Number of protein chains: 2
Amino acid sequence: MIVILLYLPLQNKIVMKHLLQTIKIEVNKKTYLKDPESSDLGKRIVEHSILMIHKIGFDAFTFRKLGNKIGSNESSIYRYFENKHKLLLYLTSWYWGWLEYQFVFATNSMADPGNKLRKAIEVITKPVAIDASFSHINEVLLNDIIINEYSKSYLTKEVDAENKEGYFEIYKRLVMRLSEMIEDIDADYPYPASLASTLLEGSLHQYFLTQHFPSLTNCNKKISPTEYFTHLIFNSINKKIDA
Amino acid sequence: MIVILLYLPLQNKIVMKHLLQTIKIEVNKKTYLKDPESSDLGKRIVEHSILMIHKIGFDAFTFRKLGNKIGSNESSIYRYFENKHKLLLYLTSWYWGWLEYQFVFATNSMADPGNKLRKAIEVITKPVAIDASFSHINEVLLNDIIINEYSKSYLTKEVDAENKEGYFEIYKRLVMRLSEMIEDIDADYPYPASLASTLLEGSLHQYFLTQHFPSLTNCNKKISPTEYFTHLIFNSINKKIDA
DNA sequence: TATAATATGATAGTAATACTATTATATTTG
DNA sequence: CAAATATAATAGTATTACTATCATATTATA
């Protein structure tokens, strides 16, 4: 069903919002013990974990606190997620899956490689809109969690083992899609994967800097990360399009 | 003394190594309760914290384990550092101070802005050499800790308070120095601070990717991060120099 | 050289974290 | 209505991240 819908020429927010309400973002099943989408409690766990991590930060977040907040038991949460690290992997995978969906949806039908890449950069670097709501998941807050906490999901001693288990597949697929778009424009550009990963990681970082270290970035209300990275990428590859 | 030495035209590794052995990298005094450079135990704490964090990772690292390792008492370590977070701030500040020193030393006497920036990029992105040893601090391992753990020093809920206290001054100064060099080449380039911060953060990230996600980078034994970022930056600003 | 100051070590203790285990009680399903 | 399943309640463990106190060793100073 998803594949068919992707070919629809309609590309407005309302249509996409409806689609996002009918499809399910698929994340690696190993992130959870029991699918949180399968029950009311599961959804409440996800919903309120986002609210709570956003509020107090991932480090101070515990299953006990979450249990108290949602009037449920700590041990019940453990039946859904092994530990809070796995929950973070679930949330981040969901986010990248959600973003990938918009990425593919927005660029799939585009013929011109230049415009396609421009649109791809826009989807990845633009702020998450308030109206993007998908059921119990608040994407605006989740986006902020990604900016402030995503690195913690892979800056661990277990990263290689977890990578083998496929916990970062969606993110990697996104980077590869972007990398391929760069190659489509300039097959001789020697660093497409590095440029793609620089965009994904760098975009989060520039948003972090605007929040906490404004002197280290030129991004602000007037200059968007989209503008900065569009300039950066199109000047780096061997094809210019109008600014 | 430092200032005078910076004007010396000599720029070889041996001279710099000797200089680094006579000067002291100054880090924010608030990172420690008692200066670890002031005693034997303090130096052992720093030395072995680097070895241990490198080995087991910052998350699993505790003062108790470190105490056992160096045959000292947990409570004695607490007399030097409030907690392991402050120790990480100390180590990372020291690293950036050490890098800043090399940055200034290598570029200070250069007249041509293009060559100067090229050298700056090289200093920041090149792998830390084994022969760079500075007393009890193993810079090669410390560099690896920076790659794998630096983000954790600022991805916290306390980042704004700690930023006000000056814990990130050295890093910020480095970004600003680089940003100014970019401006010196192209005063009209609109994103010098963003480009500078992208280099600092992006370089660490590309090294991380080569270690753990090689498919997401083009950097490897043949292609260096220096090459990638030199290309990226000089194509982005309005002045090209020979590759 | 005695004494005071300082540094380090040993031991104990606390609150919180990150779970696991067991049993009880709802709720759903066949 | 019984059986299966989901959730709740309670308790317990090992570890972490400290703090406090007291003892002992080392160093500085009068």
Side-chain angles (χ1 to χ4, degrees), chain A residues 29-49 52-53 55-91 136 149 152-153 155-158 161-162, chain B residues 29-49 52-53 55-91 136 149 152-153 155-158 161-162:
Chain A
K29 285 175 165 48
K30 290 171 193 158
T31 56
Y32 50 79
L33 297 168
K34 181 180 170 177
D35 187 353
E37 294 283 332
S38 72
S39 77
D40 207 67
L41 178 61
K43 284 175 200 160
R44 281 168 56 73
I45 289 170
V46 169
E47 179 183 0
H48 288 273
S49 69
M52 190 173 271
I53 292 170
K55 193 173 182 182
I56 66 174
F58 184 69
D59 297 336
F61 169 82
T62 70
F63 281 1
R64 178 158 300 193
K65 288 175 188 168
L66 178 61
N68 289 339
K69 186 76 183 180
I70 64 177
S72 184
N73 202 271
E74 193 187 2
S75 59
S76 302
I77 299 170
Y78 275 104
R79 278 190 210 96
Y80 284 85
F81 295 100
E82 257 180 270
N83 50 52
K84 71 172 183 173
H85 174 67
K86 286 284 170 71
L87 171 59
L88 183 61
L89 289 175
Y90 176 86
L91 293 176
H136 54 292
E149 318 281 3
K152 295 173 189 170
S153 75
L155 294 180
T156 70
K157 278 287 169 185
E158 296 77 34
E162 291 181 347
Chain B
K29 286 174 165 48
K30 292 171 193 159
T31 57
Y32 50 78
L33 298 168
K34 182 180 171 179
D35 187 355
E37 295 282 332
S38 72
S39 76
D40 208 65
L41 178 60
K43 284 175 198 159
R44 282 167 55 72
I45 289 170
V46 169
E47 178 182 2
H48 287 274
S49 68
M52 190 173 272
I53 292 171
K55 194 173 181 182
I56 67 175
F58 184 69
D59 297 336
F61 169 83
T62 70
F63 281 1
R64 179 158 299 193
K65 288 176 188 168
L66 178 60
N68 288 338
K69 186 74 184 183
I70 64 177
S72 183
N73 202 271
E74 193 186 1
S75 58
S76 301
I77 299 170
Y78 275 104
R79 281 194 203 93
Y80 284 85
F81 295 100
E82 256 180 271
N83 50 52
K84 71 172 183 172
H85 174 69
K86 288 282 170 72
L87 170 59
L88 182 61
L89 289 175
Y90 176 86
L91 292 177
H136 55 290
E149 319 281 4
K152 294 173 190 171
S153 74
L155 294 180
T156 69
K157 278 286 168 183
E158 297 77 35
E162 291 182 347

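Here the structure is a predicted model, which means the values were calculated and not measured. Just so it is clear: chains get the letters A, B, ... in the order the sequence lines come, proteins before strands, and each one is counted from 1.
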**Message:** With a sphere of 6.0 Å drawn around NZ of A:Lys69, does it hold more than 12 non-hydrogen atoms of other residues, nucleotides or ligands?
**Reply:** no

**Message:** Can you measure B:Lys34 atom NZ to D:dT27 atom P for me and round it to whole angstrom units?
**Reply:** 11 Å

**Prompt:** Does a side chain donor of either B:Tyr90 or B:Ser49 reach within less than 3.5 Å of an acceptor in the other side chain?
**Reply:** no

**Item:** Length of the CG-P vector between B:Asn68 and C:dA10, whole Å
**Value:** 11 Å

**Request:** Rounded off to whole Å, could you give me the CZ-to-C1' distance for the A:Arg79 and C:dT25 pair?
**Result:** 12 Å

**Request:** Give none if D:dA30 has no partner; otherwise give the nucleotide forming a Watson-Crick or G-U wobble pair with it, both distances under 3.5 Å.
**Result:** C:dT1

**Request:** Could you state the atom-to-atom distance from NZ of B:Lys43 to C1' of C:dA7 in whole Å?
**Result:** 15 Å

**Request:** In whole angstrom, give the distance that lies between atom NZ of A:Lys69 and atom P of D:dA8.
**Result:** 17 Å

**Request:** Find the distance between CG (A:Asp59) and NZ (A:Lys152) and round it off to the nearest 0.5 Å.
**Result:** 3.5 Å

**Request:** Remember a base hit wins even if backbone is also touched, and classify B:Tyr80 as base, sugar-phosphate or nothing at under 4.0 Å, heavy atoms.
**Result:** sugar-phosphate

**Item:** Distance, rounded to the nearest Å, where A:Ile77 contributes CD1 and C:dT20 contributes P
**Value:** 14 Å

**Prompt:** Is any side-chain nitrogen or oxygen of B:Ser39 closer than 4.0 Å to OP1 or OP2 of C:dA7?
**Reply:** no

Sub-3.5 Å pairs of nitrogen or oxygen atoms, protein against nucleotides 11-19 of chain D:
| unit_1 | atom_1 | unit_2 | atom_2 | d |
| --- | --- | --- | --- | --- |
| D:dC18 | O5' | B:Tyr78 | OH | 3.2 |
| D:dC18 | N4 | B:Arg64 | NH2 | 3.3 |
| D:dC18 | N4 | B:Glu74 | OE1 | 3.4 |

**Separation of atom CG in A:Asn73 from atom C1' in C:dT20, rounded to whole Å** = 13 Å

**Message:** Would you call the rings of B:Phe63 and B:Phe61 parallel, tilted or perpendicular, taking 30° and 60° as the class edges?
**Reply:** perpendicular

**Prompt:** Could you go step by step and tell me if A:Leu33 and A:Arg79 meet the side-chain contact (heavy atoms from CB on, under 4.5 Å) rule?
**Reply:** CA-CA 6 Å; A:Leu33 297 168; A:Arg79 278 190 210 96; 5.8 Å; no

**Message:** Rounded to whole Å, please give me the gap between CG in A:Leu33 and P in D:dT7.
**Reply:** 13 Å

**Prompt:** Can you check side-chain contact (heavy atoms from CB on, under 4.5 Å) on A:Lys84 and A:Leu88, steps first, answer last?
**Reply:** CA-CA 6 Å; A:Lys84 71 172 183 173; A:Leu88 183 61; over 6 Å; no

**Prompt:** Does NZ in A:Lys55 sit with more than 12 non-hydrogen atoms of other residues, nucleotides or ligands closer than 6.0 Å?
**Reply:** no

